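See structure below.
Remember, predicted model here, so these are calculated numbers, not experimental data. Note that the numbering runs from 1 along the sequence shown for the chain.
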Amino acid sequence: MRVATPGSQHQELGIRIPRPLGHGPSRFIPEKETIQVGKEDAMMHTLFADSFATLGRLDNVTLVMVFHPQYLESFLKTQHYLLQMDGPLPLHYRHYIGIMAAARHQCSYLVNLHVNDFLHVGGDPKWLNGLENAPQKLQNLGELNKMLAHRPWLITKEHIEQLLKTEENSWSLAELIHAVVLLTHYHSLASFTFGCGISPEIDCEGGHTFRPPSVSNYCICDITNGYHGVDDVHASPTGSIPSTESVCEVEALMEKMKQLQECRDEEEASQEEMATRFEREKRESMFVCSSEDEESAPARDVSRHFEDTSYGYKDFSRHGMHVPTFRVQDYSWEDHGYSLVNRLYPDVGQLLDEKFHIAYNLTYNTMAMHKDVDTSMLRRAIWNYIHCMFGIRYDDYDYGEINQLLDRSFKVYIKTVVCTPEKTTKRMYDSFWRQFEHSEKVHVNLLLVEARMQAELLYALRAITRYMT
(Lines give C-alpha, C1' and ligand atoms only; values in the text may rest on other atoms or scores of the structure.)
Protein backbone atom coordinates (compact mmCIF):
# COMPACT_ATOMS: atom_id res chain seq x y z
CA MET A 1 0.00 0.00 0.00
CA ARG A 2 1.41 3.40 -0.92
CA VAL A 3 0.43 6.82 0.32
CA ALA A 4 1.42 10.29 -0.92
CA THR A 5 3.55 12.29 1.53
CA PRO A 6 4.91 15.84 1.45
CA GLY A 7 8.51 14.61 1.29
CA SER A 8 8.14 12.13 -1.54
CA GLN A 9 5.66 11.07 -4.20
CA HIS A 10 5.02 7.67 -2.55
CA GLN A 11 6.23 5.90 0.53
CA GLU A 12 6.10 2.14 1.01
CA LEU A 13 4.27 1.34 4.24
CA GLY A 14 4.79 -2.41 3.99
CA ILE A 15 1.09 -3.27 4.44
CA ARG A 16 -0.03 -6.05 2.12
CA ILE A 17 -3.67 -5.82 1.13
CA PRO A 18 -5.30 -9.11 0.07
CA ARG A 19 -7.87 -9.25 -2.70
CA PRO A 20 -10.23 -12.14 -3.42
CA LEU A 21 -9.06 -14.69 -5.98
CA GLY A 22 -12.54 -15.45 -7.26
CA HIS A 23 -15.80 -13.61 -7.73
CA GLY A 24 -18.70 -14.76 -5.59
CA PRO A 25 -19.25 -17.87 -3.46
CA SER A 26 -18.90 -20.38 -6.32
CA ARG A 27 -16.37 -20.96 -9.11
CA PHE A 28 -19.18 -22.52 -11.18
CA ILE A 29 -21.98 -19.96 -10.76
CA PRO A 30 -21.63 -16.33 -11.90
CA GLU A 31 -21.76 -14.00 -8.91
CA LYS A 32 -24.61 -11.98 -10.44
CA GLU A 33 -26.72 -15.16 -10.57
CA THR A 34 -26.32 -15.99 -6.87
CA ILE A 35 -28.51 -14.58 -4.09
CA GLN A 36 -26.98 -11.19 -3.28
CA VAL A 37 -26.58 -10.34 0.42
CA GLY A 38 -28.80 -7.34 1.08
CA LYS A 39 -31.28 -8.35 -1.61
CA GLU A 40 -32.56 -11.52 0.05
CA ASP A 41 -36.17 -11.98 1.14
CA ALA A 42 -37.29 -12.08 4.80
CA MET A 43 -36.85 -15.86 5.22
CA MET A 44 -33.37 -15.79 3.67
CA HIS A 45 -32.43 -12.82 5.85
CA THR A 46 -33.41 -14.78 8.96
CA LEU A 47 -31.35 -17.74 7.78
CA PHE A 48 -28.33 -15.50 7.13
CA ALA A 49 -28.68 -14.01 10.62
CA ASP A 50 -29.01 -17.46 12.22
CA SER A 51 -26.01 -18.76 10.29
CA PHE A 52 -23.91 -15.76 11.29
CA ALA A 53 -24.95 -16.09 14.94
CA THR A 54 -24.14 -19.82 14.96
CA LEU A 55 -20.93 -19.90 12.92
CA GLY A 56 -19.63 -16.41 13.53
CA ARG A 57 -19.48 -15.96 9.74
CA LEU A 58 -21.63 -16.15 6.63
CA ASP A 59 -19.83 -18.84 4.69
CA ASN A 60 -19.98 -19.56 0.97
CA VAL A 61 -21.73 -22.91 1.47
CA THR A 62 -24.64 -21.00 3.03
CA LEU A 63 -24.61 -18.40 0.22
CA VAL A 64 -25.04 -21.15 -2.41
CA MET A 65 -27.40 -23.38 -0.40
CA VAL A 66 -29.76 -20.45 0.16
CA PHE A 67 -31.12 -21.02 -3.36
CA HIS A 68 -33.26 -23.51 -1.36
CA PRO A 69 -34.09 -21.84 1.96
CA GLN A 70 -36.32 -24.65 3.26
CA TYR A 71 -33.45 -27.11 2.94
CA LEU A 72 -30.86 -24.64 4.28
CA GLU A 73 -32.92 -24.12 7.43
CA SER A 74 -32.97 -27.86 8.11
CA PHE A 75 -29.27 -28.23 7.24
CA LEU A 76 -28.17 -25.42 9.58
CA LYS A 77 -30.34 -26.72 12.41
CA THR A 78 -28.86 -30.23 12.08
CA GLN A 79 -25.26 -29.02 11.78
CA HIS A 80 -25.68 -26.73 14.79
CA TYR A 81 -27.00 -29.61 16.88
CA LEU A 82 -24.17 -31.94 15.83
CA LEU A 83 -21.42 -29.41 16.55
CA GLN A 84 -22.64 -27.28 19.43
CA MET A 85 -25.53 -28.77 21.40
CA ASP A 86 -25.37 -31.34 24.18
CA GLY A 87 -24.13 -34.69 22.91
CA PRO A 88 -21.90 -37.65 23.72
CA LEU A 89 -18.67 -36.15 22.27
CA PRO A 90 -16.72 -33.11 23.56
CA LEU A 91 -16.68 -30.07 21.26
CA HIS A 92 -13.05 -30.35 20.16
CA TYR A 93 -13.55 -34.02 19.22
CA ARG A 94 -16.49 -33.01 16.99
CA HIS A 95 -14.43 -30.52 14.98
CA TYR A 96 -11.48 -32.90 14.76
CA ILE A 97 -13.74 -35.62 13.37
CA GLY A 98 -15.00 -33.04 10.84
CA ILE A 99 -11.38 -32.41 9.83
CA MET A 100 -10.70 -36.16 9.49
CA ALA A 101 -13.81 -36.64 7.33
CA ALA A 102 -13.23 -33.66 5.01
CA ALA A 103 -9.56 -34.56 4.61
CA ARG A 104 -10.48 -37.97 3.11
CA HIS A 105 -11.64 -36.02 0.03
CA GLN A 106 -8.81 -33.45 0.23
CA CYS A 107 -11.42 -30.79 0.95
CA SER A 108 -9.11 -28.07 2.25
CA TYR A 109 -12.04 -25.62 2.38
CA LEU A 110 -13.83 -27.61 5.13
CA VAL A 111 -10.58 -28.69 6.80
CA ASN A 112 -9.49 -25.07 7.23
CA LEU A 113 -12.88 -24.00 8.64
CA HIS A 114 -12.76 -26.74 11.26
CA VAL A 115 -9.09 -26.23 12.13
CA ASN A 116 -10.08 -22.72 13.21
CA ASP A 117 -13.15 -23.98 15.10
CA PHE A 118 -11.12 -26.77 16.73
CA LEU A 119 -8.62 -24.26 18.10
CA HIS A 120 -11.41 -21.86 19.11
CA VAL A 121 -13.01 -24.48 21.40
CA GLY A 122 -9.69 -25.30 23.06
CA GLY A 123 -8.36 -28.13 20.87
CA ASP A 124 -4.67 -29.07 21.24
CA PRO A 125 -2.70 -27.55 18.30
CA LYS A 126 -0.36 -30.58 18.35
CA TRP A 127 -3.19 -32.79 17.05
CA LEU A 128 -3.15 -30.72 13.85
CA ASN A 129 0.39 -31.90 13.04
CA GLY A 130 -1.06 -35.25 12.02
CA LEU A 131 -3.48 -37.97 13.07
CA GLU A 132 -0.67 -39.81 14.86
CA ASN A 133 -0.52 -36.87 17.33
CA ALA A 134 -4.22 -37.19 18.24
CA PRO A 135 -5.43 -39.50 21.03
CA GLN A 136 -5.43 -43.22 20.21
CA LYS A 137 -9.22 -43.21 20.47
CA LEU A 138 -9.47 -40.84 17.47
CA GLN A 139 -6.73 -42.70 15.60
CA ASN A 140 -8.80 -45.87 15.96
CA LEU A 141 -11.64 -44.10 14.11
CA GLY A 142 -9.43 -43.74 11.02
CA GLU A 143 -10.33 -47.15 9.58
CA LEU A 144 -14.07 -46.53 9.83
CA ASN A 145 -13.59 -43.04 8.35
CA LYS A 146 -11.85 -44.31 5.21
CA MET A 147 -14.30 -47.17 4.67
CA LEU A 148 -17.34 -44.93 5.11
CA ALA A 149 -15.89 -42.35 2.71
CA HIS A 150 -14.84 -44.74 -0.05
CA ARG A 151 -16.16 -48.31 0.38
CA PRO A 152 -18.94 -48.40 3.00
CA TRP A 153 -20.18 -51.80 1.78
CA LEU A 154 -17.12 -53.39 3.43
CA ILE A 155 -18.09 -52.33 6.98
CA THR A 156 -18.91 -55.29 9.24
CA LYS A 157 -19.92 -55.78 12.87
CA GLU A 158 -16.28 -56.77 13.56
CA HIS A 159 -15.15 -53.23 12.70
CA ILE A 160 -17.72 -51.91 15.18
CA GLU A 161 -16.59 -54.38 17.83
CA GLN A 162 -12.97 -53.24 17.52
CA LEU A 163 -13.99 -49.67 18.33
CA LEU A 164 -16.28 -50.57 21.23
CA LYS A 165 -13.97 -53.07 22.94
CA THR A 166 -10.53 -51.46 22.80
CA GLU A 167 -9.72 -51.35 26.51
CA GLU A 168 -9.16 -47.77 27.75
CA ASN A 169 -9.52 -46.25 24.25
CA SER A 170 -12.95 -47.73 23.59
CA TRP A 171 -15.94 -45.82 22.28
CA SER A 172 -19.39 -45.98 23.84
CA LEU A 173 -22.30 -46.77 21.50
CA ALA A 174 -23.64 -43.22 21.88
CA GLU A 175 -20.22 -41.70 21.10
CA LEU A 176 -19.87 -43.94 18.05
CA ILE A 177 -23.29 -42.95 16.69
CA HIS A 178 -22.34 -39.27 17.12
CA ALA A 179 -19.01 -39.89 15.33
CA VAL A 180 -20.64 -41.83 12.47
CA VAL A 181 -23.19 -39.06 11.87
CA LEU A 182 -20.39 -36.44 11.86
CA LEU A 183 -18.25 -38.48 9.45
CA THR A 184 -21.11 -39.02 7.00
CA HIS A 185 -22.18 -35.37 7.31
CA TYR A 186 -18.74 -34.09 6.32
CA HIS A 187 -18.07 -36.67 3.60
CA SER A 188 -21.35 -35.52 2.02
CA LEU A 189 -20.65 -31.82 2.61
CA ALA A 190 -17.32 -32.29 0.81
CA SER A 191 -19.38 -33.58 -2.14
CA PHE A 192 -21.50 -30.40 -2.05
CA THR A 193 -18.42 -28.18 -1.73
CA PHE A 194 -16.76 -29.66 -4.82
CA GLY A 195 -20.02 -30.29 -6.71
CA CYS A 196 -21.02 -26.61 -6.52
CA GLY A 197 -17.47 -25.27 -6.91
CA ILE A 198 -17.51 -23.49 -3.52
CA SER A 199 -14.77 -20.84 -3.35
CA PRO A 200 -12.75 -20.20 -0.18
CA GLU A 201 -13.65 -16.99 1.63
CA ILE A 202 -11.14 -14.14 1.29
CA ASP A 203 -9.78 -14.76 4.82
CA CYS A 204 -9.14 -18.47 4.15
CA GLU A 205 -6.16 -20.19 2.57
CA GLY A 206 -6.59 -20.16 -1.21
CA GLY A 207 -9.20 -17.39 -1.06
CA HIS A 208 -6.95 -14.39 -1.63
CA THR A 209 -3.85 -13.11 -3.39
CA PHE A 210 -1.53 -10.21 -2.64
CA ARG A 211 -0.66 -9.66 -6.30
CA PRO A 212 -2.14 -6.49 -7.81
CA PRO A 213 -4.78 -6.95 -10.51
CA SER A 214 -3.54 -6.69 -14.08
CA VAL A 215 -5.27 -4.66 -16.78
CA SER A 216 -7.47 -7.63 -17.65
CA ASN A 217 -8.18 -8.11 -13.91
CA TYR A 218 -6.41 -11.44 -13.63
CA CYS A 219 -2.91 -12.79 -13.98
CA ILE A 220 -1.07 -16.07 -14.26
CA CYS A 221 -1.10 -16.59 -10.47
CA ASP A 222 -4.92 -16.62 -10.60
CA ILE A 223 -4.96 -19.24 -13.33
CA THR A 224 -2.84 -21.61 -11.24
CA ASN A 225 -5.33 -21.19 -8.42
CA GLY A 226 -8.26 -22.24 -10.58
CA TYR A 227 -9.51 -18.75 -11.47
CA HIS A 228 -9.55 -17.96 -15.17
CA GLY A 229 -10.97 -14.47 -15.33
CA VAL A 230 -14.51 -13.14 -15.16
CA ASP A 231 -15.45 -13.90 -18.74
CA ASP A 232 -14.14 -17.46 -18.70
CA VAL A 233 -15.46 -18.50 -15.32
CA HIS A 234 -18.86 -16.97 -15.91
CA ALA A 235 -19.29 -18.01 -19.53
CA SER A 236 -21.54 -20.93 -18.77
CA PRO A 237 -24.22 -22.45 -20.98
CA THR A 238 -26.57 -22.30 -18.01
CA GLY A 239 -28.44 -19.02 -17.99
CA SER A 240 -27.25 -18.00 -21.46
CA ILE A 241 -29.35 -17.59 -24.59
CA PRO A 242 -31.11 -20.93 -25.17
CA SER A 243 -29.58 -23.01 -27.94
CA THR A 244 -31.83 -25.21 -30.06
CA GLU A 245 -29.88 -28.28 -28.92
CA SER A 246 -30.22 -27.60 -25.18
CA VAL A 247 -33.92 -26.69 -25.48
CA CYS A 248 -34.45 -29.98 -27.33
CA GLU A 249 -32.64 -31.70 -24.45
CA VAL A 250 -35.23 -30.45 -21.96
CA GLU A 251 -38.14 -31.33 -24.26
CA ALA A 252 -36.74 -34.83 -24.85
CA LEU A 253 -36.36 -35.42 -21.10
CA MET A 254 -39.94 -34.33 -20.44
CA GLU A 255 -41.19 -36.58 -23.25
CA LYS A 256 -39.33 -39.56 -21.75
CA MET A 257 -40.91 -38.85 -18.35
CA LYS A 258 -44.34 -38.80 -19.97
CA GLN A 259 -43.71 -42.09 -21.82
CA LEU A 260 -42.38 -43.82 -18.70
CA GLN A 261 -45.46 -42.76 -16.76
CA GLU A 262 -47.69 -44.22 -19.47
CA CYS A 263 -45.70 -47.48 -19.42
CA ARG A 264 -46.05 -47.63 -15.62
CA ASP A 265 -49.81 -47.28 -15.95
CA GLU A 266 -50.04 -49.98 -18.62
CA GLU A 267 -47.85 -52.77 -17.26
CA GLU A 268 -45.52 -53.58 -14.40
CA ALA A 269 -42.32 -55.62 -14.79
CA SER A 270 -41.98 -58.90 -12.84
CA GLN A 271 -39.84 -59.08 -9.70
CA GLU A 272 -37.27 -61.17 -11.59
CA GLU A 273 -37.05 -58.57 -14.35
CA MET A 274 -36.76 -55.75 -11.78
CA ALA A 275 -33.88 -57.58 -10.05
CA THR A 276 -32.15 -58.13 -13.41
CA ARG A 277 -32.45 -54.43 -14.29
CA PHE A 278 -30.95 -53.45 -10.94
CA GLU A 279 -27.94 -55.75 -11.40
CA ARG A 280 -27.47 -54.40 -14.94
CA GLU A 281 -27.56 -50.79 -13.75
CA LYS A 282 -25.19 -51.55 -10.87
CA ARG A 283 -22.77 -53.24 -13.29
CA GLU A 284 -23.02 -50.42 -15.83
CA SER A 285 -22.37 -47.80 -13.15
CA MET A 286 -18.87 -49.28 -12.83
CA PHE A 287 -18.03 -48.10 -16.33
CA VAL A 288 -19.19 -44.54 -15.79
CA CYS A 289 -16.04 -42.54 -15.24
CA SER A 290 -14.60 -39.17 -16.07
CA SER A 291 -11.35 -38.47 -17.87
CA GLU A 292 -9.04 -37.92 -14.93
CA ASP A 293 -6.68 -35.58 -16.77
CA GLU A 294 -9.13 -32.69 -16.49
CA GLU A 295 -8.08 -29.92 -14.15
CA SER A 296 -10.17 -29.85 -10.99
CA ALA A 297 -9.98 -27.40 -8.09
CA PRO A 298 -6.41 -27.01 -6.78
CA ALA A 299 -5.98 -29.27 -3.73
CA ARG A 300 -3.84 -28.27 -0.79
CA ASP A 301 -2.26 -31.19 1.01
CA VAL A 302 -4.36 -32.21 4.01
CA SER A 303 -3.15 -35.83 4.10
CA ARG A 304 -1.64 -35.44 7.58
CA HIS A 305 -5.20 -35.54 8.93
CA PHE A 306 -5.77 -39.14 7.86
CA GLU A 307 -3.94 -42.44 7.30
CA ASP A 308 -3.61 -44.67 4.24
CA THR A 309 -3.67 -41.95 1.58
CA SER A 310 -3.79 -44.50 -1.26
CA TYR A 311 -7.15 -45.89 -0.10
CA GLY A 312 -9.96 -44.56 -2.32
CA TYR A 313 -13.23 -45.39 -4.03
CA LYS A 314 -13.38 -48.76 -5.76
CA ASP A 315 -16.29 -50.04 -7.84
CA PHE A 316 -18.09 -53.25 -6.95
CA SER A 317 -16.96 -56.49 -8.55
CA ARG A 318 -13.48 -55.21 -9.38
CA HIS A 319 -10.87 -57.97 -9.32
CA GLY A 320 -13.59 -60.60 -9.11
CA MET A 321 -14.88 -59.41 -5.73
CA HIS A 322 -18.62 -59.74 -5.27
CA VAL A 323 -20.51 -57.47 -2.91
CA PRO A 324 -23.98 -58.68 -1.90
CA THR A 325 -26.85 -56.36 -2.77
CA PHE A 326 -28.15 -54.34 0.18
CA ARG A 327 -31.95 -54.68 0.07
CA VAL A 328 -33.75 -51.71 1.62
CA GLN A 329 -36.62 -54.07 2.43
CA ASP A 330 -34.28 -55.84 4.89
CA TYR A 331 -32.74 -52.75 6.51
CA SER A 332 -34.00 -49.22 5.85
CA TRP A 333 -33.53 -45.78 7.34
CA GLU A 334 -37.26 -45.42 8.08
CA ASP A 335 -37.74 -48.78 9.82
CA HIS A 336 -34.33 -49.37 11.42
CA GLY A 337 -31.72 -46.61 11.18
CA TYR A 338 -33.92 -43.75 12.35
CA SER A 339 -34.92 -45.42 15.63
CA LEU A 340 -31.35 -46.59 16.38
CA VAL A 341 -29.93 -43.07 15.98
CA ASN A 342 -32.74 -41.48 17.96
CA ARG A 343 -32.34 -43.98 20.80
CA LEU A 344 -28.59 -43.45 21.21
CA TYR A 345 -28.36 -39.76 20.24
CA PRO A 346 -31.79 -38.23 21.03
CA ASP A 347 -33.36 -35.83 18.49
CA VAL A 348 -30.68 -36.40 15.83
CA GLY A 349 -32.67 -39.15 14.12
CA GLN A 350 -35.56 -36.71 13.82
CA LEU A 351 -33.33 -33.93 12.46
CA LEU A 352 -31.75 -36.21 9.87
CA ASP A 353 -35.11 -37.65 8.86
CA GLU A 354 -36.50 -34.17 8.27
CA LYS A 355 -33.44 -33.21 6.19
CA PHE A 356 -33.67 -36.39 4.06
CA HIS A 357 -37.36 -35.79 3.40
CA ILE A 358 -36.94 -32.12 2.49
CA ALA A 359 -34.16 -32.91 -0.01
CA TYR A 360 -36.06 -35.85 -1.54
CA ASN A 361 -39.43 -34.09 -1.81
CA LEU A 362 -38.25 -30.55 -2.60
CA THR A 363 -39.81 -29.28 -5.81
CA TYR A 364 -40.93 -26.05 -7.43
CA ASN A 365 -42.69 -27.97 -10.22
CA THR A 366 -40.36 -26.46 -12.81
CA MET A 367 -37.88 -27.85 -15.33
CA ALA A 368 -35.74 -25.19 -16.97
CA MET A 369 -38.23 -22.87 -18.72
CA HIS A 370 -41.26 -25.17 -18.09
CA LYS A 371 -43.70 -24.75 -15.21
CA ASP A 372 -46.28 -27.07 -13.59
CA VAL A 373 -44.09 -30.16 -14.09
CA ASP A 374 -44.22 -33.19 -11.80
CA THR A 375 -40.50 -33.91 -11.22
CA SER A 376 -40.94 -36.77 -8.71
CA MET A 377 -39.92 -39.42 -11.26
CA LEU A 378 -36.68 -37.57 -12.04
CA ARG A 379 -35.83 -36.94 -8.40
CA ARG A 380 -36.40 -40.60 -7.55
CA ALA A 381 -34.18 -41.71 -10.46
CA ILE A 382 -31.31 -39.51 -9.20
CA TRP A 383 -31.67 -40.73 -5.58
CA ASN A 384 -31.95 -44.40 -6.56
CA TYR A 385 -29.03 -44.19 -9.01
CA ILE A 386 -26.78 -42.95 -6.19
CA HIS A 387 -27.95 -45.77 -3.92
CA CYS A 388 -27.49 -48.23 -6.79
CA MET A 389 -23.82 -47.18 -7.05
CA PHE A 390 -23.55 -48.21 -3.38
CA GLY A 391 -25.28 -51.55 -4.04
CA ILE A 392 -28.53 -50.51 -2.36
CA ARG A 393 -31.68 -51.82 -4.03
CA TYR A 394 -35.37 -50.89 -3.74
CA ASP A 395 -37.48 -53.90 -4.71
CA ASP A 396 -40.36 -51.74 -5.94
CA TYR A 397 -38.30 -49.58 -8.31
CA ASP A 398 -37.76 -50.24 -12.01
CA TYR A 399 -34.07 -49.47 -12.59
CA GLY A 400 -34.69 -49.42 -16.34
CA GLU A 401 -35.98 -45.85 -15.83
CA ILE A 402 -32.51 -44.58 -14.85
CA ASN A 403 -31.00 -45.04 -18.30
CA GLN A 404 -34.02 -43.33 -19.82
CA LEU A 405 -33.78 -40.25 -17.60
CA LEU A 406 -30.08 -39.75 -16.82
CA ASP A 407 -27.74 -39.28 -19.78
CA ARG A 408 -24.03 -40.10 -19.70
CA SER A 409 -22.75 -36.59 -18.90
CA PHE A 410 -25.17 -36.40 -15.96
CA LYS A 411 -24.10 -39.84 -14.71
CA VAL A 412 -20.43 -38.83 -14.91
CA TYR A 413 -21.18 -35.72 -12.84
CA ILE A 414 -23.23 -37.67 -10.25
CA LYS A 415 -20.65 -40.41 -9.83
CA THR A 416 -17.75 -37.97 -9.58
CA VAL A 417 -19.46 -35.72 -7.01
CA VAL A 418 -20.59 -38.69 -4.90
CA CYS A 419 -17.57 -41.00 -5.14
CA THR A 420 -14.52 -38.83 -5.92
CA PRO A 421 -15.74 -35.23 -5.40
CA GLU A 422 -12.22 -33.80 -5.42
CA LYS A 423 -12.10 -34.61 -9.18
CA THR A 424 -15.18 -32.52 -10.05
CA THR A 425 -14.55 -29.87 -12.71
CA LYS A 426 -16.46 -26.88 -14.02
CA ARG A 427 -16.66 -28.62 -17.39
CA MET A 428 -18.59 -31.50 -15.79
CA TYR A 429 -20.93 -29.04 -14.07
CA ASP A 430 -21.56 -27.15 -17.31
CA SER A 431 -22.01 -30.24 -19.48
CA PHE A 432 -25.14 -31.68 -17.84
CA TRP A 433 -28.64 -30.10 -18.01
CA ARG A 434 -27.29 -27.19 -20.03
CA GLN A 435 -30.56 -25.26 -20.15
CA PHE A 436 -31.44 -25.63 -16.47
CA GLU A 437 -31.09 -22.86 -13.89
CA HIS A 438 -28.15 -22.84 -11.48
CA SER A 439 -30.66 -23.22 -8.64
CA GLU A 440 -31.78 -26.51 -10.25
CA LYS A 441 -28.20 -27.76 -10.42
CA VAL A 442 -27.73 -26.85 -6.73
CA HIS A 443 -30.97 -28.79 -6.07
CA VAL A 444 -29.35 -31.82 -7.75
CA ASN A 445 -26.41 -31.44 -5.37
CA LEU A 446 -28.76 -31.48 -2.36
CA LEU A 447 -30.11 -34.82 -3.59
CA LEU A 448 -26.55 -36.09 -4.04
CA VAL A 449 -25.54 -34.96 -0.53
CA GLU A 450 -28.49 -36.57 1.25
CA ALA A 451 -28.59 -39.80 -0.80
CA ARG A 452 -24.86 -40.29 -0.20
CA MET A 453 -25.15 -39.56 3.52
CA GLN A 454 -28.06 -41.97 3.89
CA ALA A 455 -26.21 -44.71 1.97
CA GLU A 456 -23.17 -44.42 4.25
CA LEU A 457 -25.38 -44.36 7.33
CA LEU A 458 -27.27 -47.48 6.24
CA TYR A 459 -24.09 -49.55 6.03
CA ALA A 460 -22.69 -48.24 9.34
CA LEU A 461 -25.97 -48.53 11.25
CA ARG A 462 -26.64 -52.02 9.92
CA ALA A 463 -23.21 -53.11 11.20
CA ILE A 464 -23.93 -51.52 14.60
CA THR A 465 -27.33 -53.25 14.75
CA ARG A 466 -25.71 -56.60 13.94
CA TYR A 467 -23.13 -56.03 16.68
CA MET A 468 -25.87 -55.20 19.19
CA THR A 469 -27.90 -58.31 18.35
Side-chain angles (χ1 to χ4, degrees), residues 71 74-75 77-79 81-83 85 87-89 94 97 101 141 144-145 147-161 163-164 171-189 191 278 323-362 379-380 382-397 418 446-469:
Y71 174 85
S74 178
F75 172 86
K77 191 163 54 170
T78 304
Q79 184 170 263
Y81 198 98
L82 292 175
L83 291 176
M85 300 296 283
L89 293 173
R94 303 180 196 193
I97 290 168
L141 195 64
L144 185 65
N145 179 27
M147 293 173 77
L148 270 175
H150 307 297
R151 308 177 202 173
W153 48 87
L154 297 180
I155 297 169
T156 65
K157 66 178 183 180
E158 285 72 30
H159 294 111
I160 304 304
E161 186 172 13
L163 288 166
L164 297 174
W171 292 74
S172 71
L173 266 173
E175 287 174 331
L176 185 57
I177 289 287
H178 194 170
V180 163
V181 174
L182 283 167
L183 289 172
T184 58
H185 176 80
Y186 282 104
H187 295 156
S188 302
L189 192 53
S191 283
F278 169 78
V323 180
T325 293
F326 185 125
R327 294 176 71 250
V328 169
Q329 276 64 20
D330 298 332
Y331 194 95
S332 69
W333 165 256
E334 291 81 5
D335 296 333
H336 306 90
Y338 168 82
S339 56
L340 177 62
V341 173
N342 243 19
R343 186 161 80 249
L344 293 168
Y345 189 8
D347 297 329
V348 170
Q350 182 64 41
L351 288 168
L352 292 175
D353 193 59
E354 177 186 294
K355 188 158 64 77
F356 291 148
H357 276 94
I358 289 173
Y360 187 87
N361 295 312
L362 187 66
R379 285 179 278 120
R380 191 179 185 195
I382 294 167
W383 185 280
N384 287 0
Y385 180 61
I386 295 158
H387 279 194
C388 178
M389 292 191 301
F390 285 94
I392 297 169
R393 180 188 166 210
Y394 296 83
D395 285 354
D396 62 346
Y397 183 68
V418 171
L446 302 184
L447 284 167
L448 270 50
V449 164
E450 297 305 329
R452 177 188 177 171
M453 183 175 185
Q454 191 179 98
E456 286 188 29
L457 278 174
L458 282 173
Y459 278 107
L461 296 174
R462 183 179 68 170
I464 291 171
T465 299
R466 286 178 172 174
Y467 166 80
M468 291 170 67
T469 54

Rounded to the nearest 0.5 Å, what's the gap from OH on Tyr345 to CG on Leu352? Could you check?
9.5 Å

So, Asp396 and Arg380, do they make that salt bridge, N to O below 4.0 Å?
yes

Could you check whether any side-chain heavy atom of Tyr71 comes within less than 4.5 Å of a side-chain heavy atom of Val449, counting everything from C-beta outward?
yes

Less than 3.5 Å apart, any donor N or O on the side chain of Tyr338 or Gln350 sitting next to an acceptor on the other?
yes

What's the separation between atom CD in Gln454 and atom CG in Leu461, rounded to the nearest 0.5 Å?
10.0 Å

Measure the SG-OH distance between Cys388 and Tyr397 for me, rounded to the nearest 0.5 Å.
9.5 Å

Answer whether the closest heavy-atom distance between the side chains of Arg151 and Trp153 falls below 4.5 Å.
yes

Do you know which two heavy atoms are closest between Leu144 and Leu176, and how far apart they sit?
CD2-CD1, 4.1 Å

Between Thr184 and His187, is any side-chain donor less than 3.5 angstrom from a side-chain acceptor?
no

Does any part of the side chain of Gln79, heavy atoms only, come nearer than 4.5 Å to the side chain of Tyr186, both counted from C-beta?
yes

Has the side chain of His336 got a donor or acceptor atom that lies under 3.5 Å from a matching backbone atom of Ser332?
yes

Is a donor on one side and an acceptor on the other found under 3.5 Å between the side chain of His357 and the backbone of Glu354?
no

Would you say that Leu446 contacts Ile358 through its side chain, given a criterion of any heavy-atom pair below 4.5 Å between the two side chains?
no

Between His387 (side chain only) and Ala451 (backbone N and O only), is there a donor and an acceptor less than 3.5 Å apart?
yes

Contact check, side chains of Ile177 and Arg343, non-hydrogen atoms, under 4.5 Å
no

The reported gap from OH in Tyr360 to CD in Glu450 (rounded to nearest 0.5 angstrom) is 13.5 Å

So, does Arg327 use its side chain to make a donor-acceptor pair with the main chain of Ile392 at under 3.5 Å?
no

Assess whether a salt bridge exists between Arg393 and Asp395, defined as any Lys/Arg side-chain N lying under 4.0 Å from an Asp/Glu carboxylate O.
yes

Return yes if some donor-acceptor pair links the side-chain N/O of Tyr459 with the main-chain N/O of Thr156 below 3.5 Å, else return no.
no

Determine, for Glu456 against Arg452, whether the closest basic-nitrogen to carboxylate-oxygen distance falls under 4.0 angstrom.
yes

Just wondering, do Ile382 and Leu448 contact through their side chains at under 4.5 Å, heavy atoms?
yes

State the CZ-CG distance between Arg379 and Asn361, to the nearest 0.5 angstrom.
6.5 Å

Roughly how far apart are His178 NE2 and Ile97 CD1, rounded to 0.5 Å?
7.0 Å

